[in-house]
Every structure is written in structure tokens, then in C-alpha cells.
Number of protein chains: 2
Amino acid sequence: MGNTDARTARSRKALMDAGIELLLQNPAASLKEIAEHAGVGRATLYRQFESREQLVQALAVECFELKEQKLAPLKDLNLSARETLEQTFMLLMPMADRFHFLLSLWNIAEQDPEVMALYNRQLFDLVALVEKGKKEGSIDSSFDSNWLVCLIDSLMFSGWWMMGNMHMTPDVAAKHAIKSLFSGVG
Amino acid sequence: MGNTDARTARSRKALMDAGIELLLQNPAASLKEIAEHAGVGRATLYRQFESREQLVQALAVECFELKEQKLAPLKDLNLSARETLEQTFMLLMPMADRFHFLLSLWNIAEQDPEVMALYNRQLFDLVALVEKGKKEGSIDSSFDSNWLVCLIDSLMFSGWWMMGNMHMTPDVAAKHAIKSLFSGVG
DNA sequence: AACATATGAGACACTATTGTATCATATCTT
DNA sequence: AAGATATGATACAATAGTGTCTCATATGTT
């Protein structure tokens with residue numbers, strides 16, 4: 001399964017990179033623009049992705065896989081929930097733009113079962129982590145777990161905004177997010 | 001200036017309501033869909049808005065004006081920064097969907113000078129409020145003010161998500177946001 | 001080197017959207 | 001009630017995007 005030709009892999013990667021970049025700044029970017037920006041013929045795009053929807057969904061899957069890949073090392077460390085969360089921010093903040101991509105094209109991405117499966121799994125994991133934090137006493141049990149998950153995601157969003165508009169580094173953004181989350185700003 | 005005919009006002013309102021609603025769930029909604037959803041002829045839409053961009057920008061201006069209008073009562077109360085912020089969440093949370101609208105179509109809205117002027121003014125006000133909080137001791141001075149502003153916005157986003165996906169009420173969302181912001185969740 | 005195949009360029013048909021114009025009719029203003 | 005005007009329906013032209021196909025060429029594979 002899957003084509004192994006180096007040319008295919010190369011143009012696929014170029015297309016996906018261009019797709020993320022262009023769709024991030026303009027969710028209505030045309031396939032023609034994306035192909036051009038990738039330095040690839042428009043026909044090649046259609047050879048790899050049946051439609052605009054499929055491209056977006058493939059990009060969404062890639063975002064989730066990248067996230068999983070970045071977080072994989074944490075699985076073995078057996079850290080506390082709080083430490084795990086802190087590391088999560090540090091590891092994911094550099095790819096905060098990917099989360100914004102997912103958000104801005106979610107109405108398309110969510111139609112793909114594969115995307116939804118990945119989303120639900122990672123949501124489940126995060127809920128579990130938050131509830132572990134509650135048990136360990138590092139997270140206030142009176143908060144709704146869904147709120148907490150949502151809060152964590154929105155802190156990634158804050159980071160993305162600060163990195164893009166205020167020249168904040170991922171490292172600093174992650175530290176701000178961690179401090180804000182656990183201690184508040186009061 | 002401005003047309004005072006009741007019919008114009010009515011169809012303009014219908015179009016803007018439909019625009020917010022449709023563009024919120026699908027930023028690529030066509031003008032035909034918007035006109036239909038507004039129960040108005042497509043030609044009427046073109047009579048009121050020269051282009052898609054102008055419609056979006058008019059909607060963005062409306063969002064900012066609505067925000068300003070909701071916050072106006074606070075001006076006279078001379079509350080502390082902390083109390084003002086708390087009231088801000090309570091007053092704005094019911095219109096959190098408008099902020100998501102602005103975010104999702106920001107690439108278009110930001111091209112309008114009027115939108116940018118409103119945005120900058122309200123950003124300025126919020127920065128001032130945050131810095132007042134720092135002086136009053138209710139906000140940790142070690143945080144970057146821009147980060148704090150960004151955090152406040154992203155808490156509105158959290159509220160929007162919880163209201164739309166988890167049936168949270170605006171009131172509860174606002175209270176969660178306030179508690180999370182000032183005290184953190186740790 | 002010989003073969004296989006992915007690619008770019010271009011032509012093509014098709015659709016959706018956009019934006020303009022017209023005109024009889026309904027609704028508002030005065 | 002009479003006049004003014006906004007509206008809906010419709011037709012229309014222009015454009016942009018989509019998706020398919022072909023074929024000579026460049027590039028990988030073996």
C-alpha cells in the first residue's frame with residue numbers, strides 16, 4: 001500500500017506544507033494557489049488528493065499525528081499529571097499554528113471519520129490526564145473537566161497569537177501558559 | 001446620511017443576522033445562501049453591500065459596536081480593575097460567538113480601516129484595564145500585558161466552545177473564566 | 001542502460017459564484 | 001390617497017474554481 005516513489009513523496013510533502021501555510025492565512029485559498037505555492041503542477045495535486053476536502057482532512061490527520069508523535073516520549077516517563085501537562089505545553093507550543101489550522105477548518109475536518117477518531121482519542125487522553133491531576137491534588141476538583149480541557153486548548157491559542165503577533169518564542173509562551181493555568185494571574 | 005426607509009432597515013438587519021449565523025458555521029457560505037436564509041432577494045443584498053468583503057466588514061463593525069454598547073454601563077461605575085474585568089466577562093460571554101466570528105473571518109475583517117480602528121481602540125482599553133489591575137495589585141505584574149489581554153480573549157473562546165458544545169450557560173462560562181483567570185486551576 | 005512512472009503543461013467541460021440590469025409589484029412616507 | 005422607493009424575480013454576462021484527460025518529458029527504479 002502507499003506509493004513509495006520518491007517523486008510522489010516529495011510533491012506530497014510540498015503540497016501539504018503549502019496547504020498548511022496558505023490555508024492558515026486564508027482558509028479559502030484555491031487549490032491552484034496551493035499547487036503554485038508548492039511549486040507543483042495543479043494536476044499533481046489532484047493525483048494526490050481527490051478534492052479540497054480530502055486535502056484539508058489529510059492535513060488535519062497530519063496535525064494530530066504530529067501531536068501524538070511529539071507527546072510520545074512523555075508516555076514512558078511516568079510523570080505526575082502536573083509535570084505531564086507542563087511538558088505538554090513545552091512540546092506542543094511550537095506547533096500551535098497547527099491547532100489554529102484545525103480550528104479554522106474544523107467544519108471541513110470534522111466530516112472525516114479518521115479525523116474524528118483521532119480527535120476523540122486525544123480528547124479522551126486529555127480528560128484522563130486532567131482527572132489524574134484532580135486525584136493528585138494538583139488541579140482543583142471543582143472545575144468541570146471539559147472546561148479544563150478547553151482551557152488548555154485555548155492557552156495554546158493564546159500562545160499562537162502571541163508568537164504570531166508579538167514575537168513571543170514558543171518557550172516563553174509555554175511558560176506563560178503553564179503559570180497562567182495553574183496559578184492564575186491574580 | 002443613511003437610508004431611513006423601514007424596508008431597508010428591516011432587510012439589512014435580516015441580512016446581517018443571517019450573515020453572522022451562516023458565516024459562523026461556514027466561513028465560505030455564499031451570498032446566495034445568506035440572502036435566502038435572510039428571506040431576502042439576492043439583489044437586495046447587493047444593494048446594501050457592494051461585495052462579500054463589505055458584508056463581512058460591516059458585520060465585524062457591528063460586533064465591535066455591540067461589544068462597546070454592552071460594556072458602556074461599566075464606564076460610570078468606577079469599579080476596581082478586577083471588578084470591571086469580572087463584569088466584562090459576565091456582560092460579554094453571551095456574545096462570545098461574535099468573537100469567534102471575528103476570529104474566523106479576521107483575514108477579511110482586518111482589511112477594513114474602520115474595523116482596525118475599533119479593534120485598536122478596544123485593545124488599548126483592555127491593556128489599560130489590565131495595567132490598572134497591576135497597579136491595584138489584583139493582577140500579577142510579572143505577566144506581559146499583551147499576554148494578559150490575549151488570555152482574556154482566549155477565555156472568551158473557551159466559553160464559546162463550552163456553550164456551543166457542552167451546553168454551558170453564559171453565566172456559568174463567565175464564572176469559570178473569572179475563576180480560572182484570577183486563581184488558576186491548580 | 002533500460003524500463004517504469006510521476007510530473008508539468010495545457011486543453012476541456014462543467015459548475016458555482018459574483019455582480020449588474022430591468023421591471024412589475026409591494027410597501028413605506030408624507 | 002398619491003407619490004416615492006425598496007423589493008423580488010429574473011435574466012444576463014463575466015469570472016473563478018473544480019475536476020478530468022492527454023501527452024511529451026523528466027525523474028526515479030531496477
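Letters A, B, ... mirror the listed sequences (proteins, then strands); counts begin at 1.
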I need the CD-P distance between Glu50(B) and dG19(C), as an integer number of Å.
10 Å
Look at the side chain of Ser11(B) and decide which nucleotide, out of dT7(D), dA6(D), dT20(D), has an atom nearest to it.
dT7(D)
For Phe49(A) and dG19(D), what is the distance between atoms CZ and C1' respectively, to the nearest whole Å?
16 Å
Donor-acceptor pair under 3.5 Å: do we get one between Arg7(A)'s side chain and the base of dT5(C)?
yes
At under 4.0 Å, does any side-chain N or O of Arg52(A) touch on OP1 or OP2 of dT18(D)?
yes
Closest listed nucleotide, where the reference is the side chain of Arg47(B) and the choices are dT18(C), dT22(C), dT7(C)
dT22(C)
Mind calculating the distance between CG (Leu55(A)) and P (dG19(D)) to the nearest angstrom?
11 Å
Whole-Å distance separating the CZ atom of Arg42(A) from the C1' atom of dA13(C):
12 Å
Specify the residue among Ala6(B) and Thr44(A) whose closest nucleotide of DNA chain C lies further upstream toward the 5′ end.
Thr44(A)
Nucleotide dA9(C), atom C1' - distance to CG of Leu45(A) in whole Å:
15 Å
Below 4.0 Å: OP1/OP2 of dA6(C) and any side-chain N or O of Gln48(A):
no
Using a 4.0 Å heavy-atom cut-off across all strands, classify Arg10(B) as base, sugar-phosphate, or nothing.
sugar-phosphate
From dG8(C), dA6(D), dT22(C), nucleotide with atom closest to Ala43(A) side chain:
dG8(C)
